[in-house]
There are 2 protein chains.
Amino acid sequence: MDVGGTKIATGVLRAGELHDRRVQPTPETGWEAVLDAIAAQVLDLQARHPDAARVGVGVPGPLDMARARVKFAPNIYGFTDVPLVDGLRDRLGQRIVLENDAKAAALAEAHLGAARGTGSSVYVTVSTGIGAGIVLNGRIWRGRHGIAGELGHVTVMPGGPVSGAGLDGALEAVASGTAIARDASYALNRDVSTAEAFALAAQGHPAARRIVNQALKHIGVALADLQKLLDPEVFVIGGGVASVGDLFFQGVQAAADEYAAGFAPVTIRRAQLGTEAGVIGAALAAQQEGA
Amino acid sequence: MDVGGTKIATGVLRAGELHDRRVQPTPETGWEAVLDAIAAQVLDLQARHPDAARVGVGVPGPLDMARARVKFAPNIYGFTDVPLVDGLRDRLGQRIVLENDAKAAALAEAHLGAARGTGSSVYVTVSTGIGAGIVLNGRIWRGRHGIAGELGHVTVMPGGPVSGAGLDGALEAVASGTAIARDASYALNRDVSTAEAFALAAQGHPAARRIVNQALKHIGVALADLQKLLDPEVFVIGGGVASVGDLFFQGVQAAADEYAAGFAPVTIRRAQLGTEAGVIGAALAAQQEGA
């Protein structure tokens with residue numbers, strides 16, 4: 001199950017294939033209603049697939065260290081410090097496995113998507129923010145406090161724009177979709193969306209082109225840095241901004257190549273599983289934890 | 001065994017204790033002479049410690065992927081593309097295990113030094129350059145091409161000073177001992193060593209203080225970035241510049257705390273094993289590989 005701000009996606013993973021995929025709107029009347037909707041879906045799917053014993057739920061936003069609560073999910077109404085695991089245990093009488101949605105997607109791409117067959121990969125999602133999931137030896141690397149993969153918050157331009165975390169020059173403050181739209185709106189002195197900024201850049205608009213190129217360069221340099229630090233076999237990039245396609249991937253690859261030259265090649269692939277990555281990854285997380 | 005530009009240090013590791021430690025000058029008549037000296041030491045130590053079956057050698061500079069050759073070790077005369085493993089097998093009739101010296105130190109500090117008892121740690125050496133060794137689940141994480149841990153070459157100041165690798169703003173180009181001496185010499189318009197720059201900074205010299213503070217801030221920000229990316233339990237810092245002591249560690253910790261605030265605490269410890277880290281780590285590397 002993948003719970004997002006607008007949709008709850010569900011499905012059953014069997015032998016690496018997603019079955020019985022369904023999508024329903026996310027209730028907007030508070031987290032209790034969201035839990036009720038999740039529980040109803042689980043019961044219905046388990047009735048139809050009695051062999052599907054393990055339940056994984058992907059959610060946006062950070063989880064607490066024991067992965068029992070969602071700290072906050074700004075895109076889901078009322079989702080602040082939600083005891084998702086306990087709430088669903090009360091409703092279902094069984095334990096579910098919670099996973100951050102970017103980490104779920106990382107797991108899905110590593111096992112069944114663009115990084116299939118590799119031992120180490122980093123999944124990067126570039127959309128309104130920038131997040132990542134690091135997969136080492138087939139499993140998510142979480143780190144001591146569960147924050148590993150916070151790629152959007154590494155400092156890439158000291159003295160640069162300040163993000164909500166109160167720090168200057170974080171990657172997502174200079175290269176996310178939000179940052180691109182912000183810079184394009186300033187330069188053009190009107191509201192410009194991320195999509196329009198990319199369209200103008202493709203048409204050769206000087207300011208838009210500079211803004212987009214700078215953002216892609218920052219992402220490429222960050223990947224080169226990760227290549228030097230962790231040296232993964234492959235990077236997989238997904239998310240709304242990456243879905244722009246060639247312009248995005250060419251810009252990122254060029255900068256990554258330039259800044260990793262002499263160290264190692266940087267292999268960058270497009271995410272393959274699209275909107276199904278969250279559901280598949282949540283199922284894989286549940287499978288790995290044997291819950 | 002730890003082979004450096006001026007000294008070859010040897011010892012026998014038994015039950016986590018270093019015995020029979022010896023230091024001799026590194027021959028300066030080419031790599032064949034270095035290999036002869038290493039082989040003589042191994043034979044002598046094995047005669048005295050017949051139960052010490054495994055031999056590990058720590059060397060500066062990058063190793064090839066199979067860890068059979070030293071690509072180049074700029075500090076050792078004649079050490080370019082040296083077939084160390086084959087050369088020692090010819091002389092000794094047994095396989096030795098090669099390890100990069102920073103990675104050997106990382107392993108030593110992780111198992112027997114400042115990071116003892118942790119599951120994940122990053123050892124950082126700050127001297128003329130900046131290097132690192134990443135230890136995950138008790139073992140060195142090497143990555144796909146064996147370059148993992150190249151912390152000195154991550155880009156921390158786009159547009160900043162260019163390093164030998166031809167890239168702008170690498171960490172070691174703005175924060176190594178060499179970078180500090182370069183900036184202090186420029187600002188004071190005379191030759192200033194790294195040690196003098198720190199001494200002047202401690203005395204309140206405005207330019208020296210600014211130069212040292214900037215360098216320490218860059219290192220602290222880089223550690224905060226690594227905390228967000230990998231989230232290790234502990235950082236261990238060694239190397240000549242770090243041996244300055246309080247001024248160094250206070251500056252690095254303050255910047256790391258500032259830039260990791262809201263994410264996770266950054267635990268930084270001083271290296272404990274000093275000049276013995278290389279020998280101990282080489283022995284641990286040999287032990288782990290069962291060579």
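Note on naming: letters A, B, ... go to the chains in the order of the sequence lines (proteins, then strands), and numbering restarts at 1 for each one.
- Both the backbone and the side chain of Pro265(B) come within less than 4.5 Å of a heavy atom in chain A.
- When all heavy atoms are compared, the tightest approach of Ala148(A) to Asp231(B) is N-CB, 3.8 Å.
- Residues Glu233(B) and Arg144(A) approach most closely at CG-CD, 3.3 Å, considering heavy atoms.
- Between chain A and the options Asp168(B), Ile134(B), Leu151(B), heavy-atom pairs under 4.5 Å are most frequent for Asp168(B).
- Only the side chain of Ser120(B) comes within contact range of chain A, judged by heavy atoms closer than 4.5 Å.
- Under a 3.5 Å cut-off, the side chain of Asp225(A) and the backbone N or O of Val154(B) do not form any donor-acceptor pair.
- When heavy atoms are compared at a cutoff of 4.5 Å, Val221(B) approaches chain A solely by way of its side chain, counted from C-beta outward.
- Taken to the nearest 0.5 Å, the CG atom of Leu230(B) stands 4.5 Å off from the CG atom of Leu230(A).
- Taking every heavy atom of both residues into account, Lys228(A) and His153(B) meet most closely at NZ-O, 2.8 Å.
- Contact count versus chain A (heavy atoms, under 4.5 Å) is highest, among His218(B), Glu150(B), Lys217(B), for Glu150(B).
- For the atom pair Leu136(A) CG and Trp141(B) CH2, the distance stands at 4.5 Å (nearest 0.5 Å).
- Nearest heavy atoms, Ile147(A) versus Phe263(B): CG2-O, 3.7 Å.
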